[in-house]
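Positions are given from 1 along the sequence.
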Amino acid sequence: MTTRTRPAGFSASRTSSRPRSSQGRATSPGSPPTAACPPSRSTGDPLITGSLFRSVGHALHATGRYADAVRLTEDAAGYLEPHLGQATPALLSVYGTLFLAGSMAAARANNAATTRTFLTAADQAASKLGADANHLWTAFGPTNVAVHRVATAAELGDLQVAIDLGPRLDTTDLPMERRVRHALEVARAYSSWNRLDGAQAMLLDAEQIAPEQVRHHFLSRQLALTWVRRQRGKPSAELVSLARRLKVLD
């Protein structure tokens, strides 16, 4: 019997049991939706097609098309699910990463229920994978799922979850970009809760391990500028020095 990774109650289609093509025709399970992945780009290899879905999803997310990114996640999951019975670690990683990206899109669309559903699916895929890994440069595994729980909680305004979970995560084995982004998300959560000492400490720690990434990241610069503007009196020398390194102060 095939074990399904998708959580109970998840539906790949938004309006019926089958996704539909761009012409409105129902597509067969396991067929890539034509609106998201044109037939000319479909290879028949679920790993390659899943990677194409990832690329399209990132593009939709980057341009603020969060609802479309959520729909793509649902359709991509419907396409990949029939291939999960004997899934390789790489395919599981691609599948799980689709849900992580989808969870962020859902959070930014303020859809808490779908965010939880996608995180549950990602968590199940990570459990089946068994450990943190970096198949096809996905950095997928239990730790990255937890990192996205923090990020989506912060996005949805659930600062308690972000602050309770975020600082306790050991991200040492994740790629540097993901480690830095996590630290900045925790700093943002602290800042939103007006715990500026904790927020600045997180940002400074991140700067120690990846100075160039932190100094050029929009979120670190946004945070530093916010902290400077919040000061009722003269900012501390440490904050002024940080703001200058981030080039938000002359």
Side-chain angles (χ1 to χ4, degrees), residues 5-7 10-12 14 36 50-78 80 92-126 129 132-167 169 171 174-192 202 206 213 217-220 222-223:
T5 305
R6 184 178 300 175
F10 182 88
S11 174
R14 297 168 299 285
S51 296
L52 291 174
F53 281 132
R54 281 180 61 206
S55 297
V56 175
H58 285 307
L60 292 172
H61 199 155
T63 54
R65 295 171 61 186
Y66 303 130
D68 288 339
V70 168
R71 286 192 290 270
L72 177 71
T73 302
E74 294 168 340
D75 288 347
L80 291 176
L92 272 176
S93 297
V94 168
Y95 179 76
T97 302
L98 280 165
F99 282 114
L100 293 184
S103 72
M104 284 303 302
R108 286 175 176 163
N110 201 32
N111 188 335
T114 298
T115 300
R116 288 192 297 270
T117 299
F118 285 177
L119 286 172
T120 297
D123 191 46
Q124 291 175 353
L129 186 63
D132 291 329
N134 196 25
H135 300 288
L136 292 182
W137 304 278
T138 57
F140 183 70
T143 301
N144 208 355
V145 174
V147 162
H148 278 75
R149 286 194 187 282
V150 172
T152 54
E155 199 68 43
L156 290 165
D158 194 347
L159 300 179
Q160 184 72 56
V161 170
I163 289 174
D164 285 349
L165 177 59
L169 290 180
T171 61
L174 292 182
M176 189 60 67
E177 181 276 333
R178 176 47 54 191
R179 292 178 64 189
V180 167
R181 181 59 191 248
H182 173 67
L184 296 181
E185 289 288 0
V186 176
R188 181 170 67 160
Y190 275 132
S191 184
S192 297
M202 287 296 300
Q213 288 191 42
H217 201 289
F218 80 93
L219 188 51
S220 57
Q222 182 184 77
L223 286 169

Self-check item: For Ser51 against Leu136, the heavy-atom pair lying closest together
Solution: OG-CD1, 4.0 Å

Quiz prompt | Within-4.5 Å side-chain heavy-atom neighbours: Asn144 and Val147 | solution = yes

Practice problem: Could you grab the distance from atom OG1 of Thr115 to atom CZ of Arg108, nearest 0.5 Å is fine? | Solution: 11.0 Å

Quiz prompt | Check: Met202 and His182 side chains under 4.5 Å, non-hydrogen atoms | solution = no

Quiz prompt | CG-OH distance between Asn111 and Tyr66, expressed to the nearest 0.5 angstrom | solution = 14.0 Å

Quiz item: What is the distance from atom CD of Gln213 to atom CG of Leu184, rounded to the nearest 0.5 Å?
Solution: 9.5 Å

Quiz item: Do the side chains of Ile163 and Val186 get nearer than 4.5 Å, heavy atoms only?
Solution: no

Quiz prompt | Gap separating the CG atom of Asp68 from the NE2 atom of His61, nearest 0.5 angstrom | solution = 12.0 Å

Practice problem: Answer whether the closest heavy-atom distance between the side chains of Phe118 and Val70 falls below 4.5 Å. | Solution: yes

Quiz item: Do side-chain atoms of Ser191 reach the backbone of Arg188 as a donor and acceptor pair under 3.5 angstrom?
Solution: no

Quiz item: Shortest non-hydrogen contact from Ala126 to Gly141?
Solution: CB-C, 3.7 Å

Quiz prompt | Full working for side chain to side chain contact (heavy atoms under 4.5 Å, CB included) between Leu159 and Tyr190 | solution = CA-CA 8 Å; Leu159 300 179; Tyr190 275 132; over 6 Å; no

Self-check item: Closest contact, heavy atoms only, Ala76 versus Leu98
Solution: CB-CD1, 3.9 Å

Practice problem: Check whether any side-chain heavy atom of His148 sits under 4.5 Å from a side-chain heavy atom of Leu119, and report yes or no. | Solution: yes

Quiz prompt | Interatomic spacing from CZ in Phe99 to CG in Asp123 - rounded to 0.5 Å | solution = 12.0 Å

Quiz item: Between Val145 and Phe140, is any pair of side-chain heavy atoms under 4.5 Å apart?
Solution: yes

Quiz item: Just how far is it from atom CD of Gln124 to atom CG of Leu92, taken to the nearest 0.5 Å?
Solution: 11.5 Å

Quiz prompt | Asp164 atom CG: more than 12 heavy-atom contacts under 6.0 Å | solution = yes

Self-check item: For the student: nearest non-hydrogen atoms of Asn134 and Ala139, plus distance
Solution: OD1-N, 2.7 Å

Quiz prompt | Non-hydrogen atoms of Ala162 and Ala153 that approach each other most closely | solution = N-CB, 4.1 Å

Exercise. Determine, for Glu185 against Arg181, whether the closest basic-nitrogen to carboxylate-oxygen distance falls under 4.0 angstrom.
Key: yes

Quiz item: Are the side chains of Leu129 and His135 in touch, meaning some heavy atoms are under 4.5 Å apart?
Solution: yes

Quiz item: So, for Thr114 and Ala106, which heavy atoms are closest and what is the spacing to 0.1 Å?
Solution: CG2-CB, 3.9 Å

Practice problem: Walk me through it: do Thr143 and Arg178 pass the test side chain to side chain contact (heavy atoms under 4.5 Å, CB included)? | Solution: CA-CA 11 Å; Thr143 301; Arg178 176 47 54 191; over 6 Å; no

